[in-house]
Visitor: 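Below is one structure. I have some questions about it.
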Number of protein chains: 4
Amino acid sequence: MREIRQHGPYHYVFSRYVEPVAHVKPGETVAIYTDDAFESQITQGSDRPSQILGAYLNPQTGPIYVEGAEPGDTLVVRIVDSEPTRDWAVSVFVPYFGGLTATKLTRTLHDPLPEKVWLYQLRDGWLEHNERLRFPWRPFMGTVGTAPELEALSALTPFDHGGNMDVPDVKPGNTVYLPVRVPGALFFTGDCHAGQGQGELCGVALEITAKVTMTFDLIKQKPIAWPRIESPEELMVVGSARPMEDAARIAYAELVGWLTELGWDRWEAYEALTQIGDLYVGNMVDTYYSLVAKIRKEYALVGHRAESSLKATESTTG
Amino acid sequence: MREIRQHGPYHYVFSRYVEPVAHVKPGETVAIYTDDAFESQITQGSDRPSQILGAYLNPQTGPIYVEGAEPGDTLVVRIVDSEPTRDWAVSVFVPYFGGLTATKLTRTLHDPLPEKVWLYQLRDGWLEHNERLRFPWRPFMGTVGTAPELEALSALTPFDHGGNMDVPDVKPGNTVYLPVRVPGALFFTGDCHAGQGQGELCGVALEITAKVTMTFDLIKQKPIAWPRIESPEELMVVGSARPMEDAARIAYAELVGWLTELGWDRWEAYEALTQIGDLYVGNMVDTYYSLVAKIRKEYALVGHRAESSLKATESTTG
Amino acid sequence: MREIRQHGPYHYVFSRYVEPVAHVKPGETVAIYTDDAFESQITQGSDRPSQILGAYLNPQTGPIYVEGAEPGDTLVVRIVDSEPTRDWAVSVFVPYFGGLTATKLTRTLHDPLPEKVWLYQLRDGWLEHNERLRFPWRPFMGTVGTAPELEALSALTPFDHGGNMDVPDVKPGNTVYLPVRVPGALFFTGDCHAGQGQGELCGVALEITAKVTMTFDLIKQKPIAWPRIESPEELMVVGSARPMEDAARIAYAELVGWLTELGWDRWEAYEALTQIGDLYVGNMVDTYYSLVAKIRKEYALVGHRAESSLKATESTTG
Amino acid sequence: MREIRQHGPYHYVFSRYVEPVAHVKPGETVAIYTDDAFESQITQGSDRPSQILGAYLNPQTGPIYVEGAEPGDTLVVRIVDSEPTRDWAVSVFVPYFGGLTATKLTRTLHDPLPEKVWLYQLRDGWLEHNERLRFPWRPFMGTVGTAPELEALSALTPFDHGGNMDVPDVKPGNTVYLPVRVPGALFFTGDCHAGQGQGELCGVALEITAKVTMTFDLIKQKPIAWPRIESPEELMVVGSARPMEDAARIAYAELVGWLTELGWDRWEAYEALTQIGDLYVGNMVDTYYSLVAKIRKEYALVGHRAESSLKATESTTG
């Protein structure tokens with residue numbers, strides 16, 4: 001299997017204005033090496049994030065050019081596996097960043113909360129800082145996305161191209177659907193999390209370097225407006241916006257749309273999601289908040305629609 | 001077991017300015033009869049909600065006076081069981097009410113979405129409208145709460161007294177902790193849902209009349225600021241506010257506080273919830289949105305803290 | 001002229017569940033005495049608000065029963081004059097209250113900002129704390145409103161009944177229109193501000209006791225949904241909600257509605273307000289934020305519509 | 001005076017990834033030609049914006065490279081004059097765009113509001129569509145800004161670099177201060193408005209092509225975080241964010257900061273802005289809302305501080 005490493009500097013924006021580091025074919029599976037969100041600069045409990053970190057955060061590997069991808073297609077990214085490439089993870093309290101602090105966008109006159117570095121040892125499937133801070137290995141990619149049509153968006157931002165969604169369902173075994181807005185899609189990924197709670201409360205998960213295995217595919221001439229995720233049991237849409245209710249509306253409105261693509265009447269879809277949908281917070285800390293709306297396939301794919309669903313979401317250029 | 005029915009009219013506000021319909025003792029278990037959110041006025045698919053419904057919505061049974069309850073105590077409500085008292089449920093699209101429509105608070109110049117009434121037959125543990133709209137019986141109480149100190153708050157509003165939280169974890173097997181702000185606590189409940197998705201997207205769940213069995217208890221001289229829920233496996237806090245991120249902040253900040261009551265250092269608690277907390281949307285439709293932050297007890301009650309937790313949350317006047 | 005003083009305790013909620021302190025007739029002008037927002041408990045620079053103040057804040061004089069007022073009418077309140085009844089005002093930094101601090105609704109883990117008391121001497125039309133903190137006498141009523149139909153709302157809350165809007169245009173020379181939701185309207189007022197900036201940034205204006213002169217009138221069978229203000233030059237609507245954009249939408253949507261009552265086509269009204277409307281923040285600190293949308297009469301009342309406007313807004317029971 | 005026209009295509013992002021169209025020296029005054037927000041594609045009342053307009057909106061003239069500008073400096077832009085280069089302006093109702101409609105970020109299931117094109121004739125200092133839609137010539141630049149350090153941000157977005165703020169105080173006679181984040185500052189401008197109300201309610205002001213005269217200058221080694229505006233009478237800061245209260249907090253927090261640069265104690269500044277500040281909505285329609293906090297110089301520059309203020313804000317490289 002081909003391995004993709006960043007040759008030259010990482011990228012800190014999702015952008016069409018840079019050269020691809022690799023080309024992949026639809027159907028191809030590759031292993032991608034990613035650095036952690038701090039580019040491995042924070043390694044000790046005594047490190048001071050405010051002195052070490054600057055504007056260049058959340059380094060991305062990419063862009064990866066997907067052969068044949070054109071605007072209006074959907075990029076299919078199956079996450080096959082995620083392996084750690086070191087035996088520790090790090091979480092950090094960064095001044096004026098996080099869910100229970102004043103921030104650069106939610107401004108106050110408070111002094112910052114204390115800085116802290118939390119180092120975790122990875123052993124036997126658990127990440128351990130001490131007896132209380134001990135959590136299982138539940139890896140996922142905090143950041144996956146394609147290049148926007150015009151903008152170059154910060155690697156800290158999630159939006160309709162994907163980006164820094166920090167959604168735990170972007171994990172091995174699941175498939176992410178992303179809009180293609182430029183030729184070749186220009187896929188980037190990074191920010192592997194060894195685990196994270198919903199909301200990513202302090203703003204920094206269990207950050208780790210990783211080797212992630214992904215299979216790329218295309219659904220031709222099938223535009224989607226926002227990222228979708230499919231697990232063996234569920235259909236999901238990620239909405240990213242502020243305030244948080246706007247993210248919730250996007251996620252559920254797009255999921256209504258997905259159900260209508262599967263043959264549902266839109267009002268029945270609205271009613272069904274009312275009674276059986278799920279809605280959780282991926283992150284409440286980034287420049288946009290990310291919410292995930294979902295429905296189990298046993299409800300979404302009732303009767304004959306199950307098949308048409310597969311057709312709609314899985315037919316490829318292959 | 002004693003049964004409590006509303007004698008005289010239901011109440012449409014959580015208020016101290018009304019007379020109790022019953023008194024209960026700490027430790028007592030009672031059965032409470034509740035009407036549905038429309039006071040059983042919508043019974044046919046051809047009904048027009050905009051013509052039938054007025055300002056008097058979400059009728060509450062209560063208030064129930066809990067003997068010995070004084071401001072500064074916590075009211076403990078164990079939900080033992082919830083039985084339907086009819087064999088059908090109803091959901092409704094109400095003009096300018098819901099998650100994917102302009103509303104009275106999120107105003108636009110759009111005409112309203114179509115009105116609709118969805119009737120469901122309850123049979124063999126399932127609620128069925130048609131083959132696609134068919135969901136399992138998962139009952140919970142949409143509305144539980146105590147009287148505020150000064151205000152009389154609409155039964156449609158969730159806030160720090162509980163109220164119309166529409167949180168599916170307020171269900172049989174779980175315990176709800178509510179602040180006591182007036183003598184006797186003055187507990188109200190209503191709005192049984194035969195089932196509901198997270199977010200309650202269209203604004204109306206599977207509404208049903210019910211007989212709910214609850215055990216009341218008190219934790220004396222233990223004030224809490226916001227409602228808490230305890231399941232066999234989890235500790236939860238419900239925050240209700242707008243915008244939605246304010247509800248999320250309240251829920252997680254209060255859960256940090258609960259962990260510190262259990263012996264945690266607050267920064268370790270902030271870090272732990274970042275990595276292992278959960279955060280879902282109860283409702284995205286009411287006057288305030290309700291979000292639920294939670295942590296599994298296996299993480300919250302590590303080692304010796306498990307016992308002190310039980311002491312802190314379960315000691316009663318008994 | 002009749003004078004109305006609060007006999008017995010002030011009220012801290014806008015509520016129909018209390019007895020009137022006075023009755024007025026449509027067309028009658030009365031003088032009303034109001035206490036300051038802290039009920040005159042803060043009098044020295046060394047006072048500690050966190051120790052002095054409890055839940056009983058923003059005392060209201062009222063309710064005043066307006067003869068003949070019935071639900072569906074509009075109450076007309078002309079503010080004739082506002083005179084100070086002492087020669088000093090006070091502003092305060094209250095912990096976890098204000099626009100540039102974490103609050104009870106926007107929760108964080110920050111310690112509170114410092115408490116401070118700012119005393120101002122009123123002399124020669126100026127309020128002076130020191131040479132930098134010296135502002136002109138620009139009095140207005142922070143709180144005016146009617147009783148809600150069902151709820152009893154905190155005197156700290158602005159909403160569709162008026163309440164604690166903290167809008168500087170509620171001032172002598174202007175007329176406030178309020179919805180009548182209960183028999184007699186049940187009008188309350190308080191919270192005179194000797195002056196305040198837009199947004200009321202720290203949460204506390206130049207608080208003063210006052211004698212305010214108001215003329216009451218009625219527009220029969222003319223329901224309005226939100227408070228309106230008319231100055232000699234402008235038409236205004238106040239929207240109060242969270243997040244702030246919801247308050248802005250309410251204010252402008254209601255102003256579109258007012259223009260259509262004056263004969264405008266709604267799309268022309270939408271276009272006109274785009275080009276010539278004004279929109280400022282009354283308060284960014286209360287339980288709901290209050291925004292004021294306005295249009296100058298020279299644009300609103302073009303040609304013959306000027307007259308019909310007066311008819312629509314000023315015809316009374318007289 | 002030198003004239004700057006866009007040679008080659010306009011730009012639709014604020015970006016460092018493009019070549020300058022012109023270089024200016026500090027102290028230099030130039031005339032810049034700008035197209036309207038629709039690149040002059042909408043010219044008739046019967047035009048259908050949804051068919052004519054694509055993703056390439058709000059064309060910007062630039063970037064203009066300011067000699068000597070380096071990251072950490074402040075760019076000073078004095079707006080000398082703004083002349084129309086045609087005798088008509090246009091406003092448009094664009095589907096799912098505006099303040100009183102569902103949008104791409106505030107999603108619902110509503111059908112779009114009707115499309116409309118409003119053409120205005122410019123004559124004798126007035127823009128006239130019909131007798132009701134007739135407004136004075138009050139020109140300002142809807143969009144001014146510098147290139148971000150890393151991102152390429154849509155010309156429809158206002159943020160900390162300036163951009164599409166749609167703030168009527170960016171007008172002849174006033175000075176705008178912008179952060180320099182890249183060498184040469186890379187200034188862009190466009191989107192001249194022949195007039196606009198606060199909030200820009202329908203999302204589209206009186207759009208016109210223009211020749212705008214600006215003088216550029218630098219304050220060396222003086223970083224600012226957000227755009228500032230100085231009029232002959234006032235100091236202002238523009239905050240752009242969602243929800244709207246975050247924009248308000250930014251604007252006022254930065255204005256507190258500006259006052260402390262002028263010698264104020266921060267708590268006195270917080271108190272002064274509470275009593276005498278102003279806060280209005282520039283736009284409630286763009287990807288971020290823009291709010292303007294301001295204080296009159298007679299209050300900001302009390303006594304000897306007036307001089308130090310001029311030093312702090314007006315010393316240049318000259």
Side-chain angles (χ1 to χ4, degrees), chain A residues 91 93 98-100 106 113-114 116 118 120 127 129-136 194-206 242-249 252-253 256 264-265 267-268 270-281 284 289 291 293-295 299 302-303 305, chain B residues 91 93 98-100 106 113-114 116 118 120 127 129-136 194-206 242-249 252-253 256 264-265 267-268 270-281 284 289 291 293-295 299 302-303 305:
Chain A
S91 174
F93 291 175
L100 294 180
T106 302
L113 300 180
K116 281 187 192 293
W118 309 88
Y120 290 80
L127 294 123
H129 175 80
N130 61 25
E131 66 150 349
R132 289 170 302 284
L133 299 175
R134 186 174 177 277
F135 311 111
Q196 180 204 293
Q198 293 175 347
E200 198 187 16
L201 186 59
C202 85
V204 181
L206 300 166
R242 285 192 175 207
M244 200 181 275
E245 52 264 41
D246 272 355
R249 289 176 181 127
Y252 259 138
V256 167
W264 283 73
D265 169 80
W267 304 121
E268 285 198 355
Y270 189 32
E271 170 68 10
L273 292 173
T274 301
Q275 310 310 345
I276 208 69
D278 283 320
L279 180 62
Y280 75 86
V281 180
M284 56 184 278
Y289 307 125
L291 268 75
K294 54 168 73 173
I295 184 171
Y299 297 104
V302 178
R305 277 190 306 273
Chain B
S91 174
F93 291 175
L100 293 180
T106 301
L113 299 180
K116 281 188 190 295
W118 309 88
Y120 290 79
L127 293 123
H129 175 80
N130 61 24
E131 66 149 351
R132 289 170 302 283
L133 298 175
R134 184 173 177 277
F135 311 110
Q196 180 204 294
Q198 292 175 347
E200 199 187 16
L201 187 60
C202 84
V204 181
L206 299 166
R242 285 192 175 208
M244 200 182 276
E245 52 263 41
D246 273 355
R249 288 176 182 126
Y252 260 139
V256 167
W264 284 72
D265 169 79
W267 304 121
E268 285 199 355
Y270 189 32
E271 171 68 10
L273 292 172
T274 301
Q275 310 309 346
I276 208 70
D278 284 321
L279 181 62
Y280 76 85
V281 180
M284 56 184 277
Y289 308 124
L291 267 76
K294 55 168 73 173
I295 184 171
Y299 298 104
V302 178
R305 277 191 306 272

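The chains referred to below are lettered A, B, ... by the order of the sequence lines, with proteins before strands, and numbering in each begins at 1.
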Visitor: Tell me, for L291(B) versus chain A, whether the close heavy atoms (under 4.5 Å) come from the side chain, the backbone, both or neither.
Guide: side chain
Visitor: Can you tell which of W118(B), Y270(B), Y252(B) has the highest number of heavy-atom pairs within less than 4.5 Å of chain A?
Guide: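 Answer, by heavy-atom pair count under 4.5 Å with chain A: Y270(B).
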Visitor: How close do R249(B) and T106(A) get, counting heavy atoms only, and between which atoms?
Guide: NH2-OG1, 3.4 Å
Visitor: When you measure from the side chain of Q198(A) to the backbone of L279(B), do you find a donor-acceptor pair of N or O atoms at a distance under 3.5 Å?
Guide: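 Side chain of Q198(A) to backbone of L279(B): a pair is present.
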Visitor: When heavy-atom pairs shorter than 4.5 Å are enumerated against chain A, which of L206(B), L273(B), I295(B) gives the highest number?
Guide: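 The answer is L206(B).
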Visitor: Measuring heavy-atom distances to chain A, does R134(B) have an atom under 4.5 Å in its side chain, in its backbone, in both, or in neither?
Guide: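 Only the backbone of R134(B) comes within 4.5 Å of chain A.
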Visitor: What heavy-atom pair brings P136(B) and Y299(A) nearest, and what distance separates the two atoms?
Guide: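 Nearest heavy atoms, P136(B) then Y299(A): CD-OH, 3.1 Å.
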Visitor: Which class fits the ring pair W267(B) and F93(A): parallel under 30°, tilted 30 to 60°, perpendicular over 60°?
Guide: perpendicular
Visitor: With a 4.5 angstrom heavy-atom cut-off, which part of L100(B) approaches chain A: side chain, backbone, both or neither?
Guide: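 Looking at L100(B), backbone and side chain both touch chain A.
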Visitor: Do you know which two heavy atoms are closest between T274(A) and E200(B), and how far apart they sit?
Guide: CG2-C, 3.9 Å
Visitor: Looking at P114(A), G197(A), A293(A), A247(A), which makes the most heavy-atom pairs under 4.5 Å with chain B?
Guide: G197(A)
Visitor: Could you look at V256(A) and say if it's the side chain, the backbone, both or neither that has a heavy atom under 4.5 Å from chain B?
Guide: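 Interface part for V256(A): side chain.
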Visitor: Just give me the residue among G99(B), G195(B), G199(B) that pairs up with chain A most often, heavy atom to heavy atom, under 4.5 Å.
Guide: G99(B)
Visitor: Going by heavy atoms in the side chains, are E245(A) and E245(B) under 4.5 Å from each other?
Guide: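 With C-beta onward as the side chain, the pair touches.
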Visitor: What part of D246(B) gets within 4.5 angstrom of chain A, counting heavy atoms only: side chain, backbone, both, or neither?
Guide: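 For D246(B), no heavy atom lies under 4.5 Å from chain A.
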Visitor: If you count heavy-atom pairs within less than 4.5 Å of chain B, which of K294(A), E268(A), M284(A) leads?
Guide: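 Of K294(A), E268(A), M284(A), E268(A) has the most heavy-atom pairs under 4.5 Å with chain B.
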Visitor: Checking side-chain polar atoms at under 3.5 Å, does S91(A) have a donor or acceptor matched by the opposite partner on Q275(B)?
Guide: yes
Visitor: With a 4.5 angstrom heavy-atom cut-off, is it the side chain or the backbone of Y289(A) that approaches chain B, or both, or neither?
Guide: side chain
Visitor: Y120(A) and E271(B): which non-hydrogen atoms are nearest, and at how many Å?
Guide: OH-OE2, 2.6 Å
Visitor: Under 4.5 Å from any heavy atom of chain B, what part of L133(A) do you find: side chain, backbone, both or neither?
Guide: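 L133(A) touches chain B through side-chain heavy atoms alone.
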